[in-house]
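Below is one structure, written out as structure tokens; comments come after it.
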2 protein chains.
Amino acid sequence: MAGPTTPERPRGRGRSTMKDVAALAGVGIKTVSRVINGEPNVSAVKRQAVWAAVAETGFRRNDSAAQLRSGHTSSIGLVLEDAADPFSSALTRSIQDIAHQHGTVLFSASSAEDPDKERDLVLALCARRVDGLIVVPASGSHTYLLPEIEAGMVCVFVDRPPGDIEADTVLVDNVGGARTGVGHLVRHGHRRIAFIGDRLEIFTARERVRGYREALTEAGIEVDPRLVYNGPPYGEELRAWLRAMLGGADPATAVFCGNSRFTVETVREIRRSPVQPALVGFDDFELADMLTPAVTVVAQDPFGLGQAAAQLLFRRLAGDPTPVQHVHMRTRLIPRGSGEVGP
Amino acid sequence: MAGPTTPERPRGRGRSTMKDVAALAGVGIKTVSRVINGEPNVSAVKRQAVWAAVAETGFRRNDSAAQLRSGHTSSIGLVLEDAADPFSSALTRSIQDIAHQHGTVLFSASSAEDPDKERDLVLALCARRVDGLIVVPASGSHTYLLPEIEAGMVCVFVDRPPGDIEADTVLVDNVGGARTGVGHLVRHGHRRIAFIGDRLEIFTARERVRGYREALTEAGIEVDPRLVYNGPPYGEELRAWLRAMLGGADPATAVFCGNSRFTVETVREIRRSPVQPALVGFDDFELADMLTPAVTVVAQDPFGLGQAAAQLLFRRLAGDPTPVQHVHMRTRLIPRGSGEVGP
DNA sequence: TTGAAAGCGATACCAA
DNA sequence: TTGGTATCGCTTTCAA
């Protein structure tokens, strides 16, 4: 009984359009458009009639059609390494928030550190005509973005710079942070300090080793290559290396870790080890203060990083024509115990 | 000199279209469409000519235009509570992966547990005509989705059921998990067991208290309301309650926590406390095994949860017409020490 | 204040 | 195997 009494209402699948709404409200389609988009110059009477018809038909504007004509999507894209990583998820959240403030939604995708997958994802986002793009670039060249950028796509790179192209970046002061952390260990009397970090293909790993080297050189300590690990942060390879290094004839008395994955792995290995080296890690992590001993870290600010990147992006979208910008974020040493012990 | 020699190439802002590509390649626009979309029935010669023209012009298909005509976007939406939360970010990652397998990208947004914001985000995603939607619903009614669902939007709810509507859900066995965890404490001789969890507006909190009550009742233990906390997982309120409860005349000898936020807060407070109750937490968390004592948990599987939800969604999108489904995921007790001590 | 008409850039359909 | 034409639902433009 209830069904067939409202013949104007589209049944089952399928959406009603502005045309349907206009017909039902007895106005022109352009008036519907004005009301939906909150534009002025519509009489209160018609405005009400339109909203009534919208409610009646369950109308929802098709943004694809709007974008096709107007040229902007009110969406931005984010491509990062792994959405499940705490650093990435903090980044995501802060970018989502800034996007939301600008009435914009966020596409996000994970590249799994694979340059080809990153490229696919980025280009898919470009095909969707997102207004702008924030990328934590995998290694490799980014020249594939040149045509997109020339066509008007706005890109900001976070945490790492892109390969082979000049573009806006928001980076952490990796070198300075590592210098601070290693210098801290030096000041506590250590001279045999190990470095444990990612493969050197990864920008942040390169920069942090550099900071490590600089700190040692500055202290007049020669770098011992047997104390430097650059490899995957998981698996037997790392554990074997740690065991060998800690159990060897001339073990390190302190360890500096290149990121929190390594810090955690190192903490686990130290637990099993007869010697207890001092430890400082790059990047803070949850419960670092609750471990025994509590872990001293050089903290980054992933929320701040995401905010800075998003704000730069929206400034560009608003038309900021200034030359390419390179923003650097400070790090902060947080002493908690593991780094404040002598050799 | 290099610039003006290729007059066909669009300069500066603006994209080339299939029309441009067709003109440059000397073929019809429909042939370009066939090549771009990998459709058959195009000669090798023309195919090559088209790809050459695509490269030359930097053409990238405008997906909005494609969607307008074809009706699907190859995108799905995800609305959750907080992208920075480890549970949510694991969910995000697993959904991203399944989506990617289906050639689909993911919109994600955080509701911050605010029903109005959730509604805005969901409707924005509907306006973008995502093919489907996965939602971790905030509390409140979800009747606002009825018109969308009737218009063909496919929705799957994860971790919590929606309010006031029947829809596909993928939930954790909250009651059973809590019963298991509390039962574990009972078996170690505890009779004064506290429950610490979220506000009762939140579905999982309600279910987990229920499991707690059932376990106690089953053991013939009366529930003491002074041992039950339902409130925010942060701030002085919780800490004061914990201090009072642990320092009172008749303190609990064991604590069951409703989620990992509470577990961590409780661990911190126990450290400062003179008494050391046994502890079991719902939801596993990183480094739980490295704390002292290591924390016994009832683990969920957020990756599995996301996978199940995404797979159900894509089954629906493929046309699965079966009635509304309610999937339940098992939990798993992981004894680590904190829960294996007597009163 | 209002609305008719002309696109936006692709795909669907059908004729060649 | 090819490609012309109508069309998707909206915004823009412009005349009334």
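Order of the sequence lines fixes the chain letters, A, B, ..., with proteins taken first and strands second; residue numbering starts at 1 for each chain.
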- request: Classify the angle between the aromatic ring planes of Phe157(B) and His142(B) as parallel (below 30°), tilted (30 to 60°) or perpendicular (above 60°).
  value: perpendicular
- prompt: Between Ser70(B) and dA12(C), is there a side-chain N or O to OP1/OP2 distance below 4.0 Å?
  reply: no
field: Short side-chain donor-acceptor distance under 3.5 Å, Gln325(A) and Thr322(A)
entry: yes
query: What is the distance, rounded to the nearest whole Å, between atom CZ of Arg128(B) and atom C1' of dC10(D)?
result: 14 Å
Euclidean distance, atom NE2 of residue His72(B) to atom P of dA10(C) [Å, nearest integer]: 15 Å
query: How far apart are the C-alpha atoms of Leu133(B) and Val154(B), what are their side-chain angles, what is the distance that settles it, and do they pass the side chain to side chain contact (heavy atoms under 4.5 Å, CB included) test?
result: CA-CA 6 Å; Leu133(B) 220 39; Val154(B) 178; over 6 Å; no
- request: Using whole Å, report how far CD of Gln67(A) lies from P of dA10(C).
  value: 11 Å
query: Do the side-chain N and O atoms of Thr92(B) and Ser108(B) include a donor-acceptor pair separated by under 3.5 angstrom?
result: no
task: Indicate whether any N or O donor in one side chain lies under 3.5 Å from an N or O acceptor in the other, for Asp131(B) and Thr73(B).
output: yes
field: Nucleotide nearest Lys46(A) (side chain, heavy atoms from C-beta), chosen from dT2(C), dC10(D), dG9(D)
entry: dT2(C)
query: Within less than 4.0 Å of OP1 or OP2 of dT11(D), is there a side-chain N or O belonging to Arg61(A)?
result: yes
statement: Taken to the nearest whole Å, CZ/Arg129(A) to P/dA10(C) is 7 Å
- request: Calculate the interatomic distance between Ile29(B) atom CD1 and dG4(D) atom P; express it in whole Å.
  value: 9 Å
- prompt: Separation of Lys19(B) atom NZ from dT5(D) atom P, in whole Å?
  reply: 13 Å
message: Using the rule given for salt bridge (Lys or Arg N to Asp or Glu O under 4.0 Å), can you reason through Arg119(A) versus Glu148(A), listing the C-alpha separation, both sets of side-chain angles and the distance that settles it, and then say yes or no?
response: CA-CA 12 Å; Arg119(A) 184 174 166 283; Glu148(A) 311 300 325; over 6 Å; no
For DNA chain D, the residues among residues 30-40 of chain B that have a non-hydrogen atom under 4.0 Å from it: Lys30(B), Thr31(B), Arg34(B)
- request: Could you check Val27(B) against Thr17(A) and say which one's nearest nucleotide on DNA chain D is further toward the 5' end?
  value: Val27(B)
message: On DNA chain D, compare the nucleotides closest to Phe59(A) and Gly26(B); which residue's is nearer the 5' end?
response: Gly26(B)
- request: Would you kindly give the CZ-to-P distance between Arg69(A) and dT7(D), to the nearest whole Å?
  value: 19 Å
- prompt: Side-chain donor-acceptor pair under 3.5 Å between Asn37(A) and Arg61(A), yes or no?
  reply: yes
task: Return the value, rounded to whole Å, for the distance between atom CG of Asp63(A) and atom C1' of dA10(C).
output: 17 Å
